[in-house]
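First listed ligand is number 1; within each ligand, the first listed atom is number 1. On a predicted model such as this, the values are computed, not experimentally measured, just so you know. All values below come from the heavy atoms of this structure, side chains included, with hydrogens, waters and symmetry mates left out.
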Amino acid sequence: MRYAFAGLYIAMVLALLACTFLASRSYKKISGAVAMQVGMTIPPVIGNLIIVLSTSWLPAKIGCYVYFIGMDAFIMALLHFAFRYCVLKWPSKKLHALVYAAVTLDVVQYLLNPFFGHAFDIEPILVDGENYYRVVPYFGQAYHRAVVYAIFFAVLIIFVVKIVKSPRVYMERYSVILVTIVVTGLWQTYYIFSRTPIDRSMTGYGIFGLLIFYFALYYRPLTLLDRLLANMASDMPDAIFFYDAYGRCIWANQPAIDLVGIPDEKFDSASALLQAKFGEKEDFDELEWECKKVLGSGNEATYYYQAKRTVTDEKGLVTGAFLTIRDVTEQERLLQQERYNATHDALTDLFTKEHLYTCIRKKLDRELKKDFLILYIDILNFKLINDVFGSAFGDKALKDIAGCLRKHFSRTGVFGRLGGDTFGVCIPKEDFHEKEMEELLAKYTINDGMMDHHVVIHIGAYEVIEREMDISFMFDRALLAMSTIEEEYQQHIAYYDEKIRKDVLWAQHISAQLKDALAKRNVVPYLQPIVDKNGKIVGAEALARWLHPQDGFLPPASFIPVFEKNGMIIEIDRYMWRCACEILSDWEKKGRDLFISVNISPKDFYFMNVTEEIMGLAKEYGITPSRLRIEITETVMMTDVDNRMRMLDELRAAGFIVEMDDFGSGYSSLNLLKDMPVDVLKIDMKFLTKTADDNKARTILQNIINLSEDLGIFSLTEGVETKPQLDMLCEMGCKLFQGYYFAKPLPLTEFDEFLEKSQAS
Ligand code: C2E
Ligand code: CA
Ligand code: CA
């Protein structure tokens, strides 16, 4: 019998050792306390094992010590475990110290027992015909029991209190441990007091250790999980349907019941109801999928996100599935709104440039058989419109035009707002009716609430020939076409054609070479003589010519407008002024009293300080300022008037002579003339030739000359080609003349020859 127990104890020790090892390896938080608890169950069992096997006094006594002291360790480990398991802290340090002191004292008194014999002794009894030693308790043993039981009851109380205080779902977690402890405690107590020869309570310890190991580490209270999951599922806003392994719906939460209208927990009907609501397409019996679904349309549409997932066991077998359906209408609306905002202009509600480009690309790629036009639409002087009529009117104009685009192009075209006051359209060629559009634009007005205002709109059109070309390049071409429209004429639409293409290539060609050409002095000044009424040469106008190594002789008309447009004109002008100064300084040395007029482009005023530049050059070359004449056009005075007046005044104050070039060409206003800081009025015959014989033109000319005279401004007529013209102008009182009648613009050497010849005659 005792050997049977011995065997049982050995088996237990081994099992407990294994559990201790496993617990110490576990990743769970509680595992440390569990390992200690299970490990500390071993010493009492070993103590008993020794006692059971001992037939003589000494080993039996040693076994007892191991048992009792081991018991102290066990009870402390149990207390520690209880605190950890119930997530408690010691209420006070004093209490903590007191418990440790009581247990330590118990250990000490056992260690003193061999000397005083106050704790216990052992006495032999016969079991199976052999000596078995059982304990005879004394005073010390009573203390031991008191300590152990006190702690034991404390542990019980801890668990009871925890159970009472915790939410119901956690009760099981604590109850399981409590029951284990109570059963072990009762088992132990029974054997202590029953004084059966062999202490069977140890079996209880062993089992206690194993149970704690299992319950604390591996046991998952199912009711707890069940309730947690069920609570979670029913509280979720998503509709959830649970399916068994056979695809039958076994449960659905409230949102799910409401969604498809499951009657009285008849979950079986869910599949059919789902199919009825969301259509036949999705197979609700299928295992794993997710999708988006729309019910209804327009503002009434409801969007759902649906996902079905399967649940498998360890072997990978399907044990069930669940379907979640979420109403994502709000997110979807937001998304759509965001998408709309990103692709639509807020003011006009038209496509943005980027989106328009994308749409055009798609259209061109889709409708391969059709020919398309790209239209670049621009409001002329929109900035001015905004300034004069206010931005509210400007906004209205943009909206009106957007409406107009919708009306005319929405059937077959795509269109959008490219930027500030520009719009873009892509339309099949056959659907663009140029004449109709011209008529519309000719009388296009916008009403400010009181009256109609004429708004000038220009359209550049590019016929899509190279379909693969970047859309932005197509608009660049349409824009180029538009920029060729002259404002004065009653034309509003221009097409991109071969000439424009060539012009662009030409502009690129010469722009790339300008710097080099100036450095190599391939650009040269030609001088056109200016004479007085006696035919005496008094000066010359310097006019640029480009002696191009490949393209030959280039007149200014082939490059000046290009550089006027891209601003590179300042390089040429700066260069020409310097050339003029060089010539003048040479002339001064030769004692020639002649002036040179140089041209100043309006762009020069944008990109440099003209006054500073001219004065600097004159100083550098030691030029008498009155010998350098400066030709400006009226357009110079169209913007930044005050500043430019001041600059011209400065030049005049310094002695330079300012000439108003091409008077009569543009907006020439006699009224403006009286405020102009100019010394000479250059009247171009060209602008009068057409009507030269006309009395009206004659009258105008006469009046201009008279008026300039009155204002103290010299008049100079250029473009004089015939003797009668000269005579007429002389009669009218014109002072200076320039024109082919006298000489064409000449290279410097020829000019010198011409000068000498005329002086000789
Ligand atoms: P512009 O300043 O009005 O120069 C007068 C133009 O009229 C010159 O043309 C000249 O050759 C031409 N011309 C002179 N007499 C007659 C005539 O009797 N009959 C006709 N039909 N034409 C005559 P060009 O040299 O071709 O210059 C054209 C324009 O190029 C100039 O007009 C000027 O605006 C511009 N330009 C020339 N050189 C320069 C320059 O260095 N800088 C700037 N900014 N512009 C220049
Ligand atoms: Ca000129
Ligand atoms: Ca001129």
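When heavy-atom distances to ligand 1 are checked against 4.0 Å, the residues falling inside are Gln528, Glu541, Leu543, Ala544, Arg545, Pro556, Ile560, Ile569, Asp573, Met576, Asn599, Ser601, Asp661, Asp662, Glu718, Gly719, Val720, Glu721, Gly739, Tyr740, Pro745, ordered by chain and number.
For the Ca ion (ligand 2), the count of nearby protein N, O or S atoms, meaning those under 3.0 Å away, is 4.
For Glu564, the side-chain hydrogen bond (donor to acceptor under 3.5 Å, both in side chains) test picks out Ser601, with sequence neighbours left out.
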Exercise answer: donor-acceptor pairs, residues 741-748 side-chain atoms, under 3.5 Å, sequence neighbours excluded:
none

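Classification of the His509-His548 ring pair by plane angle, with boundaries at 30° and 60°, yields tilted. Using the six-membered ring where Trp is involved, Phe393 and Phe389 have ring planes that are tilted, between 30° and 60° apart. Aromatic ring pairs are classed by plane angle as parallel below 30°, tilted from 30° to 60° and perpendicular above 60°; the pair Phe409 and Phe415 is tilted.
A salt bridge links Lys396 and Asp400; the closest N-O separation between the charged side-chain nitrogens and carboxylate oxygens is under 4.0 Å.
Taking the side chain as every heavy atom from C-beta outward, Met637 and Met645 approach each other to under 4.5 Å.
Only one option out of Phe473, Tyr462, Phe475 pairs with Tyr496 in a ring-ring contact (aromatic ring centres under 6.0 Å, His included); it is Tyr462.
Taking the centre of each ring, Phe656 and Trp577 stay at or above the 6.0 Å mark.
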